[in-house]
Novice: 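Take this structure, written in structure tokens, and hold onto it; I'll ask about it next.
The chains referred to below are lettered A, B, ... by the order of the sequence lines, with proteins before strands, and numbering in each begins at 1.
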Protein chains: 2
Amino acid sequence: MIIKIDFESEIPIYEQLKRQIIQGIAKGDLAKGEELPSVRQLAEDIGINLHTVNKSYNLLKDEGYLVVDRRKGTRVSDTMPEPNEKYIDNLKEEIGYISADAYCKGIRKEEFLSICEKYFDNFIANGEDESNGR
Amino acid sequence: MIIKIDFESEIPIYEQLKRQIIQGIAKGDLAKGEELPSVRQLAEDIGINLHTVNKSYNLLKDEGYLVVDRRKGTRVSDTMPEPNEKYIDNLKEEIGYISADAYCKGIRKEEFLSICEKYFDNFIANGEDESNGR
DNA sequence: TACATGTTATATAATGTATATAACATGTAG
DNA sequence: CTACATGTTATATACATTATATAACATGTA
């Protein structure tokens with residue numbers, strides 16, 4: 001999987017990396033149980049410090065996305081994190097702000113929902129039946 | 001309009017204030033052309049520094065939400081900002097990440113879109129006809 | 001003239017981000 | 001057992017961001 005860091009971005013490097021890994025998992029670029037590069041390897045590949053990668057990995061580990069196996073290194077968790085209350089509250093706050101901004105700027109409800117749907121659909125695999133459990 | 005700052009939040013104070021003003025405009029708590037408190041007044045009310053309020057006001061001014069009239073003070077702009085390319089790109093990136101995170105955590109497409117719709121609807125005034133221009 | 005407005009200029013402190021270097025415990029491969 | 005790679009921890013440093021404090025300025029109002 002290819003990681004692209006924007007060093008001019010206002011979003012911290014560790015946060016960009018974390019987001020791309022989550023999107024990689026959602027898209028299927030990173031399979032459940034798949035091994036990730038070591039912190040040193042990935043840091044060298046991207047051209048950043050090992051501690052910056054380690055911070056991303058730790059945040060993802062705390063959230064339940066990654067697991068560390070002493071034998072097999074860092075891997076994508078076999079079971080995805082549950083949506084706890086804190087996450088739901090945060091999601092609603094973010095959507096609340098983003099939709100307010102979009103509404104003020106004249107984005108129509110249909111346009112807004114169309115974008116939300118398009119990006120969500122991007123993660124639903126071909127033939128995946130949404131009506132089943134995960 | 002009541003401003004609530006969470007001093008424990010990881011979101012900077014000036015950013016929280018900026019977001020609440022945008023949401024206030026979207027909800028109609030702040031009407032177009034309405035005068036805002038002075039930076040000193042609002043800073044005192046909230047219990048923060050005047051420069052922190054000034055930073056939020058300036059960001060909102062740069063974005064087109066607020067206008068400064070030497071005679072009438074700072075007011076909500078009569079015309080809302082246009083959705084430029086930078087904004088659209090940013091919106092898609094944010095939605096892309098948020099939906100990936102939601103998808104991984106088992107949020108169903110219907111749930112996700114339901115939240116998006118609910119919060120957007122929150123800003124559409126009673127009787128407002130969405131099919132018309134703004 | 002007195003006052004309030006936004007604005008600008010410094011300065012300082014605290015925190016967050018990113019880097020650098022080193023060391024440690026654990027598990028793997030030779 | 002030895003050498004190596006892994007994640008982890010510990011310091012230290014540099015820099016940017018955030019928030020505050022104090023002061024001053026130009027402009028417009030009363």
Novice: In the structure I gave you, are the side-chain heavy atoms of B:Asp45 and B:Ile3 within less than 4.5 Å of one another anywhere?
Specialist: no
Novice: Determine, stepwise, if the pair B:Asn54 / B:Tyr14 fulfils side chain to side chain contact (heavy atoms under 4.5 Å, CB included).
Specialist: CA-CA 9 Å; B:Asn54 195 244; B:Tyr14 77 88; over 6 Å; no
Novice: Report yes if some heavy atom in the side chain of B:Ile46 is under 4.5 Å from a heavy atom in the side chain of B:Thr52; otherwise report no.
Specialist: no
Novice: Given atom CD of B:Gln16 and atom C1' of D:dT17, what is their separation to the nearest angstrom?
Specialist: 15 Å
Novice: In this structure, how many angstroms lie between the C1' atom of D:dT8 and the NZ atom of A:Lys55, rounded?
Specialist: 16 Å
Novice: Do any N or O atoms from the side chain of B:Glu117 and from the backbone of B:Ser114 form a donor-acceptor pair under 3.5 angstrom?
Specialist: no
Novice: Under a 4.0 Å threshold between the charged nitrogen and the carboxylate oxygen, would A:Arg19 count as salt-bridged to B:Glu94?
Specialist: yes
Novice: Can you tell me how far P of D:dA19 sits from CG of B:Leu59, to the nearest Å?
Specialist: 11 Å
Novice: Could you check how far CG of B:Leu42 sits from P of C:dT5, rounded to whole Å?
Specialist: 12 Å
Novice: Which stems does DNA chain D form, counting runs of 3 or more consecutive Watson-Crick or G-U wobble pairs with both distances under 3.5 Å?
Specialist: C:1-30 with D:1-30
Novice: By salt bridge (charged side-chain N to carboxylate O under 4.0 Å, His left out), which residues pair with B:Glu35, not counting sequence neighbours?
Specialist: none
Novice: I'd like to check B:Lys105 versus A:Glu63 (side-chain heavy atoms, cut-off strictly below 4.5 Å). Are they in contact?
Specialist: yes
Novice: Round to the nearest Å and state the distance from B:Lys61 atom NZ to C:dT5 atom P.
Specialist: 17 Å
Novice: Quick test: give all pairs of protein nitrogen or oxygen and nucleotides 20-23 of chain C nitrogen or oxygen below 3.5 Å, distance rounded to 0.1 Å.
Specialist:
from   : atom 1 : to      : atom 2 : distance (Å)
C:dT21 : O4     : A:His51 : NE2    : 3.2
C:dA23 : N6     : A:Arg40 : NH2    : 3.3

Novice: What is the separation between atom CD on A:Glu35 and atom P on D:dG7, rounded to the nearest whole Å?
Specialist: 8 Å
Novice: If we only count heavy atoms from C-beta on, is the B:Ile25 to B:Met80 side-chain gap below 4.5 Å?
Specialist: yes
Novice: Using heavy atoms and a sub-4.0 Å distance, could you list which residues of residues 3-14 of chain A are near DNA chain C? By number, please.
Specialist: A:Pro12, A:Ile13, A:Tyr14
Novice: Please lay out, stage by stage, how B:Asn122 and A:Tyr103 fare under the test side chain to side chain contact (heavy atoms under 4.5 Å, CB included).
Specialist: CA-CA 10 Å; B:Asn122 197 16; A:Tyr103 173 73; over 6 Å; no
Novice: Just checking B:Lys72: base, sugar-phosphate only, or nothing, at a heavy-atom cut-off of under 4.0 Å?
Specialist: nothing
Novice: Quick test of your reading of the model: are A:Glu34 and A:Arg75 salt-bridged, counting only N-O distances below 4.0 Å?
Specialist: no
Novice: Verify the contact: side-chain N or O of A:Ser38 to OP1 or OP2 of D:dA5, cut-off strictly under 4.0 Å; return yes or no.
Specialist: no
Novice: Not counting sequence neighbours, which residues clear side chain to side chain contact (heavy atoms under 4.5 Å, CB included) with B:Asp6? List them please.
Specialist: B:Glu8, B:Ser9, B:Gln16
Novice: State, yes or no, whether a side-chain contact exists between A:Ile48 and A:Leu42 at a heavy-atom distance under 4.5 Å.
Specialist: no
Novice: Can you find a pair of side-chain heavy atoms, one from A:Ile13 and one from A:Phe7, that are under 4.5 Å apart?
Specialist: yes
Novice: Tell me the interatomic distance from A:Tyr57, atom OH, to D:dT6, atom P, rounded to whole angstroms.
Specialist: 11 Å
Novice: Has B:Asn54 got a side-chain N or O lying under 4.0 Å from the OP1 or OP2 atom of C:dT7?
Specialist: yes
Novice: Can you tell me if B:Thr52 touches the phosphate of D:dT18, counting only side-chain N or O atoms and a distance under 4.0 Å to OP1 or OP2?
Specialist: no
Novice: Can you find a pair of side-chain heavy atoms, one from A:Ile22 and one from B:Tyr97, that are under 4.5 Å apart?
Specialist: yes
Novice: For DNA chain C, which residues in residues 62-70 of chain A have a heavy atom at a distance below 4.0 Å?
Specialist: A:Arg70
Novice: How close or far is atom C1' of D:dG7 from atom CG of A:Leu36, stated in whole angstroms?
Specialist: 13 Å
Novice: Determine: side-chain N/O of A:Thr74 to OP1/OP2 of D:dG7, distance under 4.0 Å, yes or no.
Specialist: yes
